[in-house]
Structures are given as structure tokens and as C-alpha cells.
Protein chains: 2
Amino acid sequence: MVFRHDQIVTATAANQIAEAIQQEIASGRLKVDDRLPTEEELATQFRVSRPTVREALKRLAARHLIRSRRGPAGGTFVNGPSPEEMAQSFSTAATLMVAAGGITLDQMATVRAEMEAICCRLAAEQRSAEHLAGMRAEIALQLSEPLLDEEFCASDVRFHRLIVDAAGNPLLRFLMNAIVEGLLPVSNMIIFRVRDRKTIVDHHIRIADAIEARDADRAVAALNDLVRYVRDQYAAAEKGRLEYASKITSTKGE
Amino acid sequence: MVFRHDQIVTATAANQIAEAIQQEIASGRLKVDDRLPTEEELATQFRVSRPTVREALKRLAARHLIRSRRGPAGGTFVNGPSPEEMAQSFSTAATLMVAAGGITLDQMATVRAEMEAICCRLAAEQRSAEHLAGMRAEIALQLSEPLLDEEFCASDVRFHRLIVDAAGNPLLRFLMNAIVEGLLPVSNMIIFRVRDRKTIVDHHIRIADAIEARDADRAVAALNDLVRYVRDQYAAAEKGRLEYASKITSTKGE
DNA sequence: TATCGTTATTTGTCAAACAAAAAGGGGATT
DNA sequence: AATCCCCTTTTTGTTTGACAAATAACGATA
């Protein structure tokens with residue numbers, strides 16, 4: 001059974017109103033923080049009922065183009081483009097694609113590793129003293145003795161984020177943020193299984209040293225070693241998990 | 001006047017319902033092409049009225065997560081992830097960010113070049129015979145003599161898209177699609193200024209040869225040479241354009 | 001058997017009303 | 001006179017009930 005995908009968005013009244021308002025925004029007639037007419041006024045203007053207007057507004061609100069507040073000074077206002085919201089909606093879209101089976105976790109991990117290598121290379125060229133200091137601080141934190149698994153994991157995430165920031169490219173930062181968000185549930189499981197943190201921190205130190213020396217190739221090599229190590233650990237853990245699962249299914253002892 | 005941006009999405013009933021349904025999809029309990037309950041059933045399930053349910057559904061429809069059709073066999077269905085739609089919304093958002101000054105075109109071009117290098121490396125490893133044949137066909141087309149600029153440009157885009165496809169990673173394909181879409185207006189101007197197509201095709205041949213030989217390093221090197229050449233041409237064209245502009249401002253001939 | 005009309009089902013739209021939030025003004029109190 | 005509280009007004013959020021339109025399935029008829 002083939003589903004007809006050629007006309008996804010039907011030309012209903014609500015959709016047409018949404019389109020019209022969006023064009024007003026895109027054309028610049030409605031500027032950022034402008035207030036558009038009340039729902040009643042829009043309803044009379046477009047010759048439709050208020051619920052229909054509301055459906056149209058909800059469509060735009062879902063894309064963060066407008067916001068609304070109640071009250072006398074309230075109403076519906078035009079939103080400016082906000083990178084955080086964009087990154088968030090993008091990462092939710094990425095997780096949805098993973099959930100729907102369009103992307104495997106392995107493919108996602110590959111892209112993440114390759115893109116982080118880019119960040120590493122750019123970071124070695126563009127890094128500032130502040131970024132380097134931040135990385136050193138995270139390494140020191142990771143070496144401190146009484147440290148919970150969650151704290152170590154959070155510091156690890158911050159360390160990798162610092163690499164991305166040091167590259168100094170907002171678009172790269174944006175893409176990495178989305179991908180890492182999509183990988184979070186998995187990466188947590190990975191990190192939690194790796195008991196031997198020392199190896200990971202050693203890799204972090206190698207990366208930070210190479211970035212400090214502005215040696216892009218060495219930084220990328222160190223990162224690749226880290227990725228390989230984590231991947232091996234994950235595969236081993238997965239194998240152990242499967243063996244454990246088969247064991248408890250064969251003998252169901254408490 | 002500072003607007004409070006800390007809580008953009010209010011926890012209204014409609015929003016909560018949209019969140020709930022989205023989680024059902026993300027968690028996999030609702031699979032692609034599954035039909036969710038009718039609006040009335042959803043209304044009774046969530047203890048709200050039907051218009052409220054409709055607002056929630058419209059929110060999800062605006063993000064292409066669901067589609068609806070009227071009639072007995074109609075209803076609301078879960079949409080599969082459509083890379084084109086997602087890439088489109090993403091690229092419009094990206095152009096907005098460029099317009100707002102968050103991202104410079106130079107940064108965008110850098111990311112594009114670096115990511116295409118990734119694609120090149122993966123393509124050298126994963127390519128199929130079909131992808132290679134497609135690339136050869138585009139090269140042959142680009143060498144054919146009476147060819148309009150637009151046709152050459154279109155073939156160039158297809159060639160680079162084939163590299164991305166040959167990498168065999170849908171996430172990479174998705175990201176590249178979005179970035180290239182965002183760069184299209186600029187890249188058109190570049191290609192149209194470069195008269196000397198022969199050099200570009202030579203680079204294409206070098207890339208295809210390297211991918212055919214599964215030599216990742218050579219492929220990446222060839223791509224980097226191409227990128228450098230195009231960038232130089234663009235800079236030269238920009239310089240010429242500026243000189244020309246200063247000339248016609250000084251002497252307003254004809 | 002094939003074709004056409006009917007019907008049931010489901011989304012799309014409308015209308016009127018009430019609830020809730022929030023800003024501003026007016027009055028009472030200190 | 002200043003401050004605090006309440007009340008009114010405006011606007012979005014939600015409910016109820018109804019009708020319109022599309023469309024797939026079923027049944028009747030040629």
C-alpha cells in the first residue's frame with residue numbers, strides 16, 4: 001500500500017491564514033516584537049471564526065514565530081529568531097528521526113566523531129586562552145578523587161563542548177549541539193559502564209596538550225584514539241550485556 | 001524595555017497534549033503511519049474539548065509530525081521523518097540566522113567544505129558502483145560542449161550530491177542538504193563567475209578517480225584543492241567586482 | 001457483474017459563552 | 001501623602017454544541 005505523499009499540507013482556511021501571517025512577517029510588514037491584532041479582529045478580518053484563527057496561530061507558535069500572553073497588555077507578538085529554540089527544535093527533530101528508524105545510532109555516532117574531529121582541528125587553530133583554561137579545569141575536576149559517575153559524565157560533556165566552542169564557529173556549534181543532544185541517552189549509558197576513567201582523562205590531556213601546542217594533527221589523532229577506545233568499551237559492554245541476558249533467560253535464578 | 005524570554009512555551013493544556021503525543025512518537029509506542037485516536041477520543045482521553053485537541057494537533061502538524069485526512073478511513077496519522085521537509089525548515093531557519101548576523105557566510109562555507117571532506121572520505125570507503133557511474137555521467141555531461149551555465153551549475157550540484165549519497169549516511173546527507181540549501185544563493189554566484197570550467201571538471205575527475213580507487217586521502221586532497229580553487233576564484237571575482245564598482249562610481253560612462 | 005447513489009465516519013469550521021491571567025485604576029488605610 | 005488591596009477591563013485559553021465537507025464502504029439497481 002503506497003501512501004500518497006505529494007500533498008502533505010492541505011489548503012484549509014487555517015493553513016491559508018497561517019501562510020498569510022507568515023508572509024506578513026517574512027516581508028517585513030510585521031517586525032520583531034510587533035503586536036498583531038487580537039484574535040477577534042483577525043477573525044473578522046479573515047472572515048473566519050476565532051477557533052480557526054487560533055489554529056493558525058498555534059501553527060506559527062509551534063515554529064516559534066510568534067508568542068502570546070494573556071491580559072490587557074498581552075496579545076500575540078512577533079518573535080525574533082532565537083538560536084537556542086532553533087537548536088532545540090532541531091535536536092528534537094534529530095531524536096525523532098532516530099526513533100523512527102531513519103537513522104541508526106551507529107551512523108549518528110560516526111557523524112559525531114567526524115564532526116568533532118573538525119572541531120578539534122579548528123580548535124587547535126583558533127583556540128583562545130580562556131577555552132584552554134576551561135579544558136584544564138575540567139580535566140582537574142575529572143582527576144579529583146571522590147567523584148560521582150554523574151559528575152564525571154557532566155564534566156565530560158562540558159569538556160567536549162569546550163572543544164566545539166574553541167573552534168569558534170557558531171554553525172558548527174549549533175550542529176554539534178543537536179547531534180550530541182540526540183546521542184545523550186546513549187552516551188550516558190556508555191560512560192556509566194566505563195569504570196576506568198583514568199584512560200579517558202589521559203586522552204583528554206593529550207587532546208588539550210595538542211590544542212595548546214596548536215598541533216591540529218596530533219589533536220585529531222588523540223581524539224580518534226579516544227573515540228576508538230570508547231567504541232571498544234561500548235562493544236565489550238554490549239557483549240557482556242547480551243551474555244548476561246542469555247544467562248538469566250536459561251537459568252532464572254533470583 | 002526588556003522582554004522576558006525565560007519561559008517562551010507556556011504549559012497550557014494544548015501544549016501538554018502536544019508534548020504527550022510527541023513523546024508517544026519519540027518513544028516508539030506510535031510508529032510511522034500508525035493512526036492515532038479520533039479527535040473526540042483524544043478529547044475524552046485527555047479530559048479536554050475537541051478544539052483544544054485540535055490546537056495540539058495543529059502544533060504537531062506544523063512540524064510535519066502528523067497528517068490528517070477526512071472521511072471514514074481518514075483520521076490523524078504519524079508521519080515518517082521526511083528529510084526534505086526537515087531540511088527545508090532547517091535551511092530557512094539557517095538563512096534567518098545568517099540574515100540576523102549570527103552566522104557569516106565564511107563560517108558556513110568552512111563548515112560545508114569540512115563536512116564534504118568527511119563525505120569524501122566515507123564515500124571512498126562505502127561507494128557503490130551506481131554512485132560512481134552517476135559521477136562519471138555527470139562529468140561526461142560537464143565536458144559536453146554546448147552547455148549553458150545553468151546546466152553546468154545544476155550538474156555540479158548533482159555531482160557533489162552524489163558524493164554525499166555515496167557516503168551512505170542519511171544523517172550526513174540531511175545535514176549537507178540543509179547547509180547546501182542555505183548556501184545556494186551564494187554558490188550560484190560563484191559558479192557563474194568562474195568561466196574556466198575545465199579546471200573544475202579536472203578536479204571532479206581527480207575526485208572520482210580517487211573514490212573509484214577507494215583512496216580516501218587522495219579524494220580528500222582533491223576536494224580540498226577544488227575548494228581552494230573555487231575560493232580563490234571567488235575572491236578574485238569579488239575584488240574585480242569592487243574595482244569595477246569603484247570605476248563606475250568615479251566615471252559614470254554610458 | 002458493474003456502476004451508481006446512499007450512508008456512516010471523521011476532520012474542518014462556526015457560534016456563543018465562560019474561565020483565567022494580568023495590567024491599571026480607584027479607594028481605603030496607615 | 002504614600003502604600004496596599006481590590007476591582008474592573010482586556011485579552012488569550014477553554015468549553016459546549018452544532019453543522020459542513022470529504023470520502024471510503026456498503027448496498028441497490030441496471
Side-chain angles (χ1 to χ4, degrees), chain A residues 1-21 25 30 33-79, chain B residues 1-21 25 30 33-79:
Chain A
M1 201 269 282
V2 179
F3 177 73
R4 302 196 51 78
H5 239 249
D6 36 9
Q7 191 172 1
I8 295 209
V9 59
T10 56
T12 63
N15 286 334
Q16 285 175 347
I17 294 170
E19 287 272 331
I21 297 177
I25 297 175
L30 279 174
D33 288 339
D34 272 359
R35 175 182 161 175
L36 37 92
T38 69
E39 294 177 350
E40 298 227 7
E41 285 170 341
L42 285 175
T44 59
Q45 206 173 317
F46 285 103
R47 318 281 177 85
V48 295
S49 68
R50 198 159 83 91
T52 305
V53 168
R54 282 182 63 76
E55 285 188 10
L57 293 179
K58 286 297 168 185
R59 282 190 93 92
L60 300 177
R63 296 164 55 194
H64 297 141
L65 265 66
I66 56 174
R67 63 175 182 273
S68 18
R69 263 169 43 206
R70 285 198 271 219
T76 308
F77 300 87
V78 178
N79 258 342
Chain B
M1 201 269 282
V2 180
F3 178 75
R4 304 197 48 78
H5 240 246
D6 35 10
Q7 190 172 1
I8 300 255
V9 60
T10 55
T12 64
N15 287 333
Q16 285 176 346
I17 294 170
E19 286 271 331
I21 296 177
I25 297 175
L30 278 174
D33 287 338
D34 271 359
R35 176 184 160 176
L36 36 93
T38 68
E39 294 178 350
E40 298 244 3
E41 284 170 339
L42 286 175
T44 58
Q45 232 172 35
F46 285 103
R47 318 282 176 82
V48 296
S49 67
R50 198 158 83 87
T52 304
V53 167
R54 282 183 62 77
E55 286 186 10
L57 293 179
K58 287 297 170 187
R59 283 188 84 96
L60 300 177
R63 295 165 53 195
H64 302 267
L65 266 65
I66 57 174
R67 62 177 183 273
S68 8
R69 264 167 45 208
R70 283 197 273 220
T76 308
F77 299 87
V78 177
N79 258 340

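Chain letters run A, B, ... following the sequence lines, proteins first, then strands; residues in each count from 1.
Sorted by first then second residue, the salt bridge (Lys or Arg N to Asp or Glu O under 4.0 Å) pairs that include residues 40-52 of chain A, not counting sequence neighbours, are A/Glu39-A/Arg50.
Taking side-chain N and O atoms only, A/Thr76 has a distance below 4.0 Å to OP1 or OP2 of D/dT12. Phosphate contact (OP1/OP2 of C/dA22, side-chain N/O of A/Arg69, threshold under 4.0 Å): absent. Distances shorter than 4.0 Å separate none of the side-chain N or O atoms of A/Thr52 from OP1 or OP2 on C/dG12.
Here the CG atom belonging to B/Asn79 is positioned 8.0 Å from the CD1 atom belonging to B/Ile66, to the nearest 0.5 angstrom. Rounded to the nearest 0.5 Å, atoms CG (A/Leu57) and CG (A/Leu36) are 7.0 Å apart.
Going from atom CZ of A/Arg67 over to atom C1' of D/dG13 covers 18 Å, rounded to whole Å. For the pair B/Leu36 CG and C/dT10 C1', the computed distance is 13 Å after rounding to whole Å. Distance NZ (A/Lys58) to P (D/dT12): 11 Å, rounded to an integer number of Å. What separates CZ of B/Arg54 from C1' of D/dA20 is a distance of 13 Å, to the nearest Å.
Closest approach of A/Ile17 to A/Ala56, counting heavy atoms only: CG2-CB, 3.8 Å. Of all non-hydrogen atoms in B/Ser68 and B/Thr76, the two that sit nearest each other are CB-OG1, 4.0 Å. Annotation for A/Ala13 and A/Thr52: closest pair CB-CG2, 4.3 Å, computed over non-hydrogen atoms.
Of the residues in residues 38-51 of chain B, B/Thr38, B/Glu39, B/Arg50 come within less than 4.0 Å of DNA chain C through at least one heavy atom, sorted by number.
Comparing D/dT23, D/dG13, C/dA23 by their closest approach to the side chain of B/Thr12 singles out D/dG13.
Mapping A/Ala14 and B/Ala73 onto DNA chain C via the closest heavy atom, the residue that lands nearer the 5' end is B/Ala73. Comparing B/Arg70 and A/Arg70, the nucleotide of DNA chain C nearest to each residue sits closer to the 5' end for B/Arg70.
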